[in-house]
Amino acid sequence: MAVLVTGGTGFIGSHTCVELLEKGYDVVIIDNLYNSRQQVVDAIEKIAGRRPVFVKGDLLDEALLDEVFTKYDIDSVIHFAGLKAVGESVRLPENYYRNNIVTTLNLIDAMHRHNCTKIVFSSSATVYDAGEVSPLKETCRLGCTNPYGRTKLFIEEILRDVCVAHPEFTAILLRYFNPIGAHPAGLIGENPNGIPNNLLPYVTNVALGRLPQLNVFGNDYDTPDGTGVRDYIHVVDLARGHLNALDYAQTATGAQAFNLGTGNGTSVLEIVRAYEEENGVKIPVNIAPRRPGDNATTFADATRANEILGWHAEYDIRDMVRDSWNFAKITLANEEA
Ligand code: WQD
């Protein structure tokens, strides 16, 4: 029996493959390499000591999906594959709905055809309505202000309806807060194409000298130091949460949502200061205007994941920024900028 990991060469997918392989699961990755590199498969093997099967392909290819399910006897699915840039989704909504939703429907159809009934879905805290006050609970109001977030919300609703129509089907919806850091081996990490949108890869590029300074998007929020506060979670903690979810899915029913966050809020300037102090680097900052769509404070109430999945985040901010820089020195510094 094997676990199919869609998008398994991506940031969170690759870390989850390491944890699965180390726990003895057989892993099959399907990835179109749109926002990742095939070398990640070698890095996963180097860390875990076991190699996943890698299938280069797209979930829009239904024949390929049937081939994979037939050839590898897939027992469960962890579904990461999808486009995830908020700003790009506003410019290219059709691409986001096609690539994120049609692919998921193809995947569900293939699961039905091959009697595979367990899926763990990579959702996001972005599904919560911007007006909800942190700490965010799974029962908070849902609502999205951009096409990317709406694809996550729509897929959650699709999976809820599929579980009602097919009682044997189970979907665990994992709502990530802000995943950062890297596996301590320094061989896999966050390595987006182009200029990073997210804070940590941007800070890392400044630390590498590839970008001159960090633009801090607003310091006039109603937060302790005026900069945005988020719930940063180490990507290895996040990856481990997928194994708890996979295990729970074997006996659970229906579609169930869980927040994967630390429950702690950290500001932009606190992240910068931790990065500098932990790694002995200088991150020049420029206070810039607020970024449209940003809110002041977002962090999780992760009680459900703690109590029902038996999962707890273990790493702290210092671990996250240290491992982030370690990945940059070992891997990013040796790659073409
Ligand atoms: C974090 C903080 C910015 C960049 C996004 C997605 C969300 C999820 C996680 C996928 C904010 C500030 C950032 C910069 C800055 N992704 N910032 N300068 O916006 O909380 O969440 O990533 O599911 O869907 O929306 O993360 O890293 O972009 O921003 O000051 O150059 O850093 O204002 O306060 P965000 P982020």
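Indexing begins at 1, ligand by ligand and atom by atom, following the structure's order. Index from 1, following the sequence.
In the model, Tyr248 has a side-chain atom that pairs as donor or acceptor with a side-chain atom of Gln256 under 3.5 Å. At a cut-off of 3.5 Å, with distance as the only test, no side-chain donor of Asp231 or Asn178 sits close to an acceptor on the other residue. Side-chain polar atoms of Tyr176 and Ser122 form a donor-acceptor pair below 3.5 angstrom. Ser123 and Lys152 form no side-chain donor-acceptor contact under 3.5 Å, judged by distance and modelled atom types alone. Between the side chains of His114 and Asp66, at least one donor N or O lies within less than 3.5 Å of an accepting N or O. Checked by atom type, the side-chain pair His234/Asp323 shows a donor-acceptor distance below 3.5 Å. Residues Asn191 and Glu335 have side chains that bring a donor and an acceptor to within less than 3.5 angstrom of each other. Side chains of Asp31 and Thr9: a donor on one and an acceptor on the other come within 3.5 Å. Residues Asn295 and Thr298 have side chains that bring a donor and an acceptor to within less than 3.5 angstrom of each other.
Close approach of ligand 1 to Val86 (heavy-atom distance below 4.0 Å) involves ligand atoms 25 (O). Distances below 4.0 Å separate heavy atoms of Asp294 from the following atoms of ligand 1: 3 (C), 33 (O). Interface atoms of ligand 1 facing Arg291, defined by a heavy-atom separation under 4.0 Å, are 3 (C), 19 (O), 28 (O), 29 (O), 36 (P). Counting atoms of ligand 1 from 1 in the listed order, those under 4.0 Å from a heavy atom of Val216 are 30 (O).
In this structure, the protein non-hydrogen atom closest to atom 1 (C) of ligand 1 is Tyr232 OH, 3.5 Å. For atom 30 (O) of ligand 1, the closest non-hydrogen atom of the protein is Phe217 N, 2.9 Å. The shortest contact between atom 12 (C) of ligand 1 and any protein heavy atom is with Val268 CG2, 3.7 Å. Of the protein's non-hydrogen atoms, Asn178 ND2, 3.1 Å is the one closest to atom 26 (O) of ligand 1. Of all protein heavy atoms, the one lying nearest to atom 20 (O) of ligand 1 is Arg230 NE, 2.7 Å.
Only the side chain of Tyr148 comes within 4.0 Å of ligand 1, counting heavy atoms alone; its backbone N, CA, C and O stay farther away. By the criterion of a heavy-atom distance under 4.0 Å, the backbone of Asn215, and not its side chain, is placed next to ligand 1. Only the backbone of Asn197 comes within contact range of ligand 1, with a heavy atom under 4.0 Å; no side-chain atom does. For Tyr221, no heavy-atom contact with ligand 1 is shorter than 4.0 Å. Residue contacts with ligand 1 for Asn198 involve both N, CA, C or O and side-chain atoms from C-beta outward (heavy atoms, distance under 4.0 Å).
Geometrically, ligand 1 and Ser124 share a nitrogen or oxygen pair separated by less than 3.5 Å. On a distance-only criterion, Leu199 and ligand 1 share at least one N/O pair closer than 3.5 Å. Inclusion of Tyr202 in the set of residues having an N or O under 3.5 Å from an N or O of ligand 1 is not warranted.
Note on ring orientation: taking the six-membered ring where Trp is involved, the planes of Tyr148 and Tyr96 are perpendicular (angle over 60°, cut-offs 30° and 60°).
Ion pairing between Glu156 and Arg175 holds under the 4.0 Å rule for side-chain N and carboxylate O.
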